[in-house]
Enquirer: 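Take a look at the following structure, please.
Note: hydrogens, waters and symmetry copies are ignored here, and every other heavy atom, side chains too, is used.
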Amino acid sequence: MIQDPFEQALFAMVQLPYLQPFDDVNKRVSRLSANIPFIKRNLSPLSFIDVPRALYTDALLGVYELNKADLLRDVFIWAYERSAARYAAVRQSLGSPIRSGSSTRPPLRQIVGEVVRGRMDRKAAAAYVAAWVQKNDIPEAEREKFRDMAEAELVSLHEGNFARYQIRPSEFEAWQQVWTEKQEVRVTESAATAWSISA
């Protein structure tokens with residue numbers, strides 16, 4: 001009965017974990033379900049890559065224990081704005097393919113896998129990708145675009161897609177802690193400030 005795709009998405013995010021229809025993965029299913037209205041309307045997808053786990057958990061506890069969705073709503077809006085900006089940047093950076101998709105995929109898979117297995121943070125990953133592009137058989141005119149593609153792949157890496165890079169769950173989890181550590185501190189401070197202003 002809800003017509004607005006953003007309201008539909010928020011409704012799915014709030015209600016599915018609250019109802020606990022499955023023994024496990026209720027929160028994950030709710031985050032995936034929230035994308036259904038966006039995909040149907042050809043809108044940018046929602047990703048929770050940069051959302052600190054503690055903030056998301058607090059927002060859900062607000063729903064479970066206080067029957068209030070205010071914090072989850074704020075987290076949802078903040079996450080969607082970041083997701084939409086990232087999605088637009090990735091689409092713009094990819095532009096027209098520099099080579100056929102099949103020829104760029106193996107090097108991208110290799111770079112992403114090496115960054116994850118090496119547990120590199122954002123700064124180390126950027127330096128590694130830049131050095132890799134210089135050393136390998138990438139035409140000079142295409143290096144910058146290829147580097148942008150590799151960085152976009154790393155930024156969009158999450159628990160739902162890391163397997164396609166032949167990365168093990170333990171490797172992804174160890175890398176994710178390093179990758180989000182500094183980012184999480186900044187995001188938490190920013191979100192806490194926004195929450196205190198709105199409260």
Enquirer: For Ala9 and Ala34, which heavy atoms make the closest approach, and how far apart are they?
Expert: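 That closest heavy-atom pairing would be CB-O, 3.2 Å.
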Enquirer: Restricting to non-hydrogen atoms, name the atom on Val63 and the atom on Ala69 that form the minimum distance, rounded to 0.1 Å.
Expert: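 Reported closest heavy-atom pair: CG2-CA, 3.9 Å.
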Enquirer: In Å, rounded to the nearest 0.5 Å, how long is the span from CZ of Arg82 to OG of Ser47?
Expert: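 Answer rounded to 0.5 Å: 10.0 Å.
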Enquirer: Which pair of heavy atoms, one from Gln3 and one from Arg41, lies closest together, and at what distance?
Expert: O-NH2, 2.9 Å
Enquirer: Considering residues, nucleotides and ligands other than Arg117, do more than 12 of their heavy atoms fall under 6.0 Å from its CZ?
Expert: yes
Enquirer: Ignoring hydrogens, what is the shortest heavy-atom contact between Val116 and Glu171? Give both atom names and the distance.
Expert: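 Smallest interatomic distance, heavy atoms only, reads CG1-O, 3.7 Å.
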Enquirer: Do Trp132 and Pro107 touch side chain to side chain, with heavy atoms closer than 4.5 Å?
Expert: yes
Enquirer: Measure the spacing between CD1 of Ile111 and OH of Tyr165 and express it to the nearest 0.5 Å.
Expert: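 OH of Tyr165 is found 11.0 Å from CD1 of Ile111.
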Enquirer: Just how far is it from atom OG of Ser30 to atom CG of Leu60, taken to the nearest 0.5 Å?
Expert: 7.0 Å
Enquirer: Please tell me whether Phe6 and Leu71 are part of a single hydrophobic cluster in this structure, the criterion being side-chain heavy atoms less than 4.5 Å apart.
Expert: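 Yes.
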Enquirer: Can you check whether Leu46's main-chain N or O pairs, donor with acceptor, with Ser83's side chain at less than 3.5 Å?
Expert: no
Enquirer: Ignoring hydrogens and angles, tell me if any N or O in the side chain of Asn35 forms a donor-acceptor pair with the backbone of Phe38 under 3.5 Å.
Expert: no
Enquirer: Might you work through the side-chain contact (heavy atoms from CB on, under 4.5 Å) test for Ile167 and Val112, ending with a clear yes or no?
Expert: CA-CA 9 Å; Ile167 296 167; Val112 170; 4.1 Å; yes
Enquirer: Is it true that a side-chain atom of Asp74 and a backbone atom of Ala59 form a donor plus acceptor pair closer than 3.5 Å?
Expert: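 Flag not set: sc Asp74 to bb Ala59 has no pair under 3.5 Å.
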Enquirer: Please tabulate, one pair per line, all N/O donor-acceptor pairs under 3.5 Å involving side-chain atoms of residues 10-23, not counting sequence neighbours.
Expert:
unit_1 : atom_1 : unit_2 : atom_2 : d
Gln20  : OE1    : Asn26  : ND2    : 3.2
Gln20  : NE2    : Pro17  : O      : 2.7
Gln20  : NE2    : Tyr64  : OH     : 3.4

Enquirer: Could you tell me whether the side chain of Val115 reaches within less than 4.5 Å of the side chain of Leu157, counting heavy atoms only?
Expert: no
Enquirer: Are any non-hydrogen side-chain atoms of Phe162 and Gln176 less than 4.5 angstrom apart?
Expert: no
Enquirer: Can you tell if the side chain of Leu43 reaches within under 4.5 Å of the side chain of Tyr80, non-hydrogen atoms only?
Expert: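 Yes. Closest side-chain heavy atoms under 4.5 Å.
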Enquirer: Taking the side chain from Arg109 and the backbone from Arg164, do they hold a donor-acceptor pair closer than 3.5 Å?
Expert: yes
Enquirer: Under 3.5 Å, side chain of Glu142 to main-chain N/O of Pro139, donor-acceptor pair present?
Expert: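 A pair under 3.5 Å: no.
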Enquirer: Does Gln8 reach the main-chain N or O of Ile2 with its side chain, forming a donor-acceptor pair under 3.5 Å?
Expert: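 Such a contact is found between Gln8 side chain and Ile2 backbone.
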Enquirer: From Thr57 OG1 over to Leu72 CG, what is the distance, rounded to the nearest 0.5 angstrom?
Expert: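 Rounded to the nearest 0.5 Å, the OG1-CG separation comes out at 11.0 Å.
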Enquirer: What distance do Glu7 atom CD and Arg73 atom CZ have between them, rounded to the nearest 0.5 Å?
Expert: 12.0 Å
Enquirer: State, yes or no, whether a side-chain contact exists between Asn136 and Phe146 at a heavy-atom distance under 4.5 Å.
Expert: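 Asn136 vs Phe146: side chains apart.
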Enquirer: What's the separation between atom CZ in Phe76 and atom CZ in Phe48, rounded to the nearest 0.5 Å?
Expert: 7.0 Å
Enquirer: If you link ILVMFWY side chains whenever their heavy atoms are less than 4.5 Å apart, which other residues fall into the same cluster as Ile49? By chain and number, please.
Expert: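 None, because no other hydrophobic side chain comes under 4.5 Å of this residue.
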Enquirer: Is the backbone of Met120 close enough, under 3.5 Å, to the side chain of Trp175 for a donor and an acceptor to pair up by distance?
Expert: yes
